[in-house]
Participant: 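Please see the structure below; I have some questions.
Throughout, a chain's letter reflects where its sequence line sits, starting with A, and its residues are numbered from 1.
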Amino acid sequence: MIDPKLLRSDPAGVAANLARRGFSFDADAFSKLDAERKALQVEVEALRKQRNDSAKQIGQAKARGEDPAPLLAAVQNLGDSLDTASQRLDSAQAELSALVEGMPNLLYDDVPDGPDESANVEIRRNGEPATFAFEPRDHVEIGEALRGIDFEAAAGISGSRFSVLRGGVARLQRALIQFMLDLHTNEHGYEEVYVPYLVEPHAMHGTGQLPKFAADSFRTDGERELYLIPTAEVPVTNLARGAILDAADLPLKFVAHTPCFRSEAGSYGRDTRGMIRQHQFEKVEMVQLVMPEDSADALESLTGHAETVLKRLELPYRVVTLASGDVGFSAAKTYDLEVWLPGQSAYREISSCSNFTSFQARRMQARFRRRDGEKPELVHTLNGSGLAAGRCLVAVLENFQSADGTVAIPDALRPYLGGQSALKPQSSA
RNA sequence: GGAGAGAUGGCUGAGUGGUCGAAAGCGCUCCCCUGCUAAGGGAGUAUACGUUAAUAGCGUAUCGAGGGUUCGAAUCCCUCUCUCUCCGCCA
């Protein structure tokens, strides 16, 4: 949520910023609606005062043993007019908050302008895409040869966009996750957390997935309205919901491994082959809660933490700054890490690192206090994948393949696989 | 799954439908007195929103949440949530 005070004081400036996203904010309509709301609020409060005063007088009259009847008569119609006015106030407030909650975060000035991902700006690369003496296969072929990925079995159980992993490949994914968690906790100062995979609507609302993007997530069908988390960002960031933290405790840095569930509505036909775009995938997520003045630097270091994973795994990648039209709803600025996939001869997103400034914190009232007695301020929240384990598995399979179908294990992972140095193809039974 | 108890300000804990935003104690802040391994006295001590130059006043709301009854609800009624205890069942 954008600061309502800023919306009132500089609606034109907000509109100009959001226009860079291609989001149109009607500043005049907002100001008019807000003025209406104010007038109604003043009216309602005046009526309430009248009612409170009368009630008080009635009480006093009764205490003195006087007949309260004339006073009662005087307030007879007050209730009705109060009801009417407060109903109008409620609907004005509902309209206003729907408007404000539907507005994306303000962009940082250094976000490059552009309508979509084609305008994203590459800022650095690491590693060289390997050249193969043969036609590199994609992970689907590699996985089948290893008898390690079974899409047919998954389809039989859950339909399209699911996968079953077996044997060494399943273990390789687990090793990746372990490696990432150990790296972030031991070397980058994150605290590992284990969190619920089903969350209530208010948690989804806090991080910005609701109300606007309900269709992107899976919702349970039972008596309780629960959502399968689309990312660990939701439960982990919500750890600070309603909190008033001590400045001395900041920054808070959490890392969690969770499965992620996405409905992928509207992505029909995209990445239908393989495990690039699934309804369920594993991800290690980093979340930081920091003081406002530190969030810009924190985004750089958080992105660096994600990059370290790729460096240690010897995977070629590049970092891009998302263009204004491609930045997500809640973010003020986002870097994507894109890993090289030989099977596609393309860089593909494997991590997304964002600074949400106070946008999520305001929604979930996550605050901190600089000193005793001072007013609490909103924290800034950030998160980034560190990394998407499913896509990382794809990247390892494709980048470390050899002509005979063997896949070498990156050195960094071998301790997690009992020293194993390669996955060998299996002859089909 | 069954049975019961509870939820009040930073904490503990009162509260009869009527000056209750809420007693008292603790804690904290300031002042006074006093003077030194102290004690005593006094005042103050929630948050949000509106109004405003104002973190001054004033107003409104908030006693787990949401409804209802009433001129008036912390107090009565309904629904829900959470916490605790016991039993059962499990990982």
Side-chain angles (χ1 to χ4, degrees), chain A residues 1-11 30-101 194-206 210 220 222-227 235 238-249 258-259 292 358 361-379:
Chain A
M1 228 169 84
I2 296 176
D3 186 354
K5 287 190 176 114
L6 182 64
L7 280 176
R8 284 184 208 124
S9 62
D10 185 20
F30 170 82
S31 300
K32 196 177 158 212
L33 197 58
D34 191 50
E36 265 176 51
R37 191 219 89 234
K38 265 187 197 179
L40 282 167
Q41 180 160 342
V42 169
E43 184 186 338
V44 165
E45 291 186 355
L47 284 169
R48 284 198 181 127
K49 174 166 170 50
Q50 207 178 324
R51 184 201 61 191
N52 290 348
D53 288 346
S54 307
K56 210 166 266 185
Q57 283 174 25
I58 291 166
Q60 287 167 352
K62 279 190 159 182
R64 286 194 299 266
E66 296 168 8
D67 178 13
L71 288 165
L72 283 169
V75 294
Q76 206 159 30
N77 296 318
L78 202 58
D80 285 343
S81 33
L82 184 56
D83 280 350
T84 313
S86 57
Q87 271 169 28
R88 286 197 294 147
L89 177 60
D90 284 350
S91 65
Q93 275 171 339
E95 197 179 335
L96 205 56
S97 68
L99 184 71
V100 173
E101 281 174 15
Y194 170 80
V195 291
Y197 303 160
L198 285 163
V199 297
E200 296 191 333
H202 70 258
M204 294 282 278
H205 184 271
L210 289 181
T220 59
E223 276 178 34
R224 293 172 66 178
E225 185 184 358
L226 292 170
Y227 290 83
N238 273 283
L239 287 172
R241 161 171 296 276
I244 297 180
L245 304 160
D246 211 330
D249 295 333
T258 71
S358 60
R362 182 169 291 105
R363 287 176 162 234
M364 63 178 79
Q365 285 299 299
R367 296 176 291 175
F368 76 102
R369 210 191 299 270
R370 289 182 194 271
R371 267 180 289 281
D372 275 355
E374 287 193 0
K375 273 197 154 188
E377 297 171 52
L378 295 167
V379 300

Participant: Any N/O pairs under 3.5 Å between the protein and nucleotides 51-58 of chain B? List them or say none.
Facilitator:
from	atom 1	to	atom 2	distance (Å)
U51(B)	OP1	K38(A)	NZ	3.2

Participant: Which base sits across from G57(B) as a Watson-Crick or G-U pair, both distances under 3.5 Å?
Facilitator: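 Answer to the pairing question: U51(B), which forms a Watson-Crick or G-U pair with G57(B).
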
Participant: Expressed as a whole number of Å, how far does the P atom of U55(B) sit from that of A23(B)?
Facilitator: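 My reading of the P atoms in U55(B) and A23(B) gives 26 Å.
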
Participant: Whole-Å distance between A65(B) P and R241(A) CZ?
Facilitator: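 Those two atoms, CZ and P, are 16 Å apart.
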
Participant: Tell me the interatomic distance from R37(A), atom CZ, to U60(B), atom P, rounded to whole angstroms.
Facilitator: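 Answer to the nearest Å: 17 Å.
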
Participant: In whole Å, measure the gap between the C1' atoms of G17(B) and C63(B) for me.
Facilitator: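 Going atom to atom, C1' in each nucleotide, I get 15 Å.
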
Participant: Looking only at heavy atoms, which two atoms of V199(A) and P235(A) are closest? And how far apart?
Facilitator: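 What the structure gives for the nearest pair is CG1-CB, 4.3 Å.
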
Participant: When you compare C20(B) with G15(B), how far apart are their C1' atoms, in angstrom units rounded to a whole number?
Facilitator: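 Between the two C1' atoms, the distance is 9 Å.
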
Participant: For the atom pair CG (D249(A)) and CZ (R369(A)), what is the distance rounded to the nearest 0.5 Å?
Facilitator: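 Going from the CG atom of D249(A) to the CZ atom of R369(A) covers 13.0 Å.
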
Participant: Can you check the D246(A) CG to G10(B) P distance for me, whole Å?
Facilitator: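 About 16 Å, once rounded to whole Å.
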
Participant: Donor-acceptor pair under 3.5 Å: do we get one between E45(A)'s side chain and the base of G59(B)?
Facilitator: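 By the distance-only test, yes, there is a pair.
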
Participant: Where do H202(A) and N238(A) come nearest, in terms of heavy atoms and distance?
Facilitator: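 Looking at all heavy atoms of both residues, the shortest contact is O-OD1, 4.5 Å.
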
Participant: Give me the atom names and distance for the closest heavy-atom approach of L47(A) to A85(A).
Facilitator: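 Looking at all heavy atoms of both residues, the shortest contact is CD1-CB, 3.9 Å.
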
Participant: Please state the C1' separation for the pair U8(B) and G40(B) - nearest whole angstrom.
Facilitator: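 Approximately 32 Å lies between the C1' atom of U8(B) and that of G40(B).
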
Participant: Quick one: closest heavy-atom pair of R362(A) and L378(A), and the distance?
Facilitator: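 Looks like NH2-CD1, 3.4 Å.
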
Participant: Please name the pair of heavy atoms, one in P11(A) and one in S31(A), separated by the smallest distance, quoted to 0.1 Å.
Facilitator: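 Taking every non-hydrogen atom into account, CG-OG, 3.9 Å.
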
Participant: Write down the partner of C28(B) under the Watson-Crick or G-U wobble criteria, each distance required to be under 3.5 Å.
Facilitator: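 Answer to the pairing question: G44(B), which forms a Watson-Crick or G-U pair with C28(B).
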
Participant: Hunt down the Watson-Crick or G-U wobble partner of U79(B), both distances under 3.5 Å, from any strand shown, or write none.
Facilitator: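 WC or wobble partner is A65(B).
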
Participant: Is the backbone N or O of V42(A) less than 3.5 Å from a side-chain atom of E45(A), with the two atoms forming a donor-acceptor pair by type?
Facilitator: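 Looks like no, no N/O pair under 3.5 Å.
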
Participant: Does any nucleotide pair with G1(B) by Watson-Crick or G-U wobble geometry, both distances under 3.5 Å, and what is it?
Facilitator: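 Its partner is C87(B).
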
Participant: For RNA chain B, which residues in residues 197-206 of chain A have a heavy atom at a distance below 4.0 Å?
Facilitator: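 Of all residues in residues 197-206 of chain A, none places a heavy atom under 4.0 Å from RNA chain B.
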
Participant: Supply the atom-to-atom distance K5(A) NZ to D10(A) CG, rounded to the nearest 0.5 angstrom.
Facilitator: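 Interatomic distance, K5(A) NZ to D10(A) CG, rounded to 0.5 Å: 15.5 Å.
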
Participant: Pairing check on U16(B): which nucleotide meets the Watson-Crick or G-U wobble criteria with it, both distances under 3.5 Å?
Facilitator: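 Pair assignment: U16(B) / none.
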
Participant: From CG of L89(A) over to P of A61(B), roughly how many Å is that when rounded to an integer?
Facilitator: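 Rounded to the whole Å, the gap is 12 Å.
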
Participant: To the nearest 0.5 Å, what is the distance between CZ (R367(A)) and OG (S358(A))?
Facilitator: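 One gets 12.5 Å once the value is rounded to the nearest 0.5 Å.
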
Participant: Rounded to whole angstrom units, what separation is found between the CG atom of L71(A) and the P atom of G18(B)?
Facilitator: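 Whole-Å distance recorded here is 18 Å.
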
Participant: How far apart are the C-alpha atoms of D34(A) and R37(A), what are their side-chain angles, what is the distance that settles it, and do they pass the side-chain contact (heavy atoms from CB on, under 4.5 Å) test?
Facilitator: CA-CA 5 Å; D34(A) 191 50; R37(A) 191 219 89 234; 2.4 Å; yes

Participant: Would you measure the distance from the C1' atom in C26(B) across to the matching atom in U45(B) and give it in whole Å?
Facilitator: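 Going atom to atom, C1' in each nucleotide, I get 13 Å.
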
Participant: On a whole-Å scale, what distance lies between the P atoms belonging to U75(B) and A61(B)?
Facilitator: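 15 Å, rounded to whole Å.
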
Participant: Expressed in whole Å, how much space separates the P atoms belonging to A24(B) and U81(B)?
Facilitator: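 My reading of the P atoms in A24(B) and U81(B) gives 37 Å.
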
Participant: What's the gap between U12(B) and C71(B) when it is taken at their P atoms, as a whole Å value?
Facilitator: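 Rounded to whole Å, the distance is 38 Å.
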
Participant: Counting only Watson-Crick pairs (N1-N3 plus N6-O4 or O6-N4) and G-U wobbles (N1-O2, O6-N3), all under 3.5 Å, who is the partner of A73(B)?
Facilitator: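 No nucleotide pairs with A73(B).
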
Participant: Mapping Q50(A) and K5(A) onto RNA chain B by nearest heavy atom, which one lands closer to the 5' end?
Facilitator: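 Going by which nucleotide is closer to the 5' end, it is K5(A).
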
Participant: Rounded to whole Å, please give me the gap between CG in L82(A) and C1' in U60(B).
Facilitator: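 To the nearest whole Å, that distance equals 11 Å.
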
Participant: Just the rounded figure in Å: distance from C1' of U81(B) to CG of L226(A).
Facilitator: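 Nearest whole value for this atom pair: 13 Å.
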
Participant: May I ask you to say what R8(A) touches in the nucleic acid, namely base, sugar-phosphate or nothing, with a heavy-atom cut-off under 4.0 Å?
Facilitator: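 Sugar-phosphate contact only.
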
Participant: About how many Å separate OH of Y227(A) and CG of L198(A), when rounded to the nearest 0.5 Å?
Facilitator: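 These two atoms lie 12.0 Å from each other.
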
Participant: Does the R363(A) side chain pair with the main chain of E101(A), one donor and one acceptor, at a distance under 3.5 Å?
Facilitator: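 The answer is yes, because a donor-acceptor pair under 3.5 Å joins these two groups.
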
Participant: Which protein N or O atoms sit under 3.5 Å from an N or O of nucleotides 69-77 of chain B?
Facilitator:
none

Participant: Which heavy atom of V100(A) sits nearest to which heavy atom of L7(A), and what is that distance?
Facilitator: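 Of all heavy-atom pairs spanning V100(A) and L7(A), the closest is CG2-CD1, 3.7 Å.
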
Participant: Name the pairing partner of G35(B), where a pair is Watson-Crick or G-U wobble with both distances under 3.5 Å, or state none.
Facilitator: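 The base-pairing partner of G35(B), which may sit in any strand shown, does not exist here.
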
Participant: I'd like to know whether L96(A) forms a side-chain contact (heavy atoms from CB on, under 4.5 Å) with F30(A), so could you lay out the CA-CA distance, the side-chain angles of the two residues, the decisive distance to 0.1 Å, and finally the verdict.
Facilitator: CA-CA 8 Å; L96(A) 205 56; F30(A) 170 82; 3.9 Å; yes

Participant: From CD1 of I244(A) over to C1' of C11(B), roughly how many Å is that when rounded to an integer?
Facilitator: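 Those two atoms, CD1 and C1', are 16 Å apart.
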
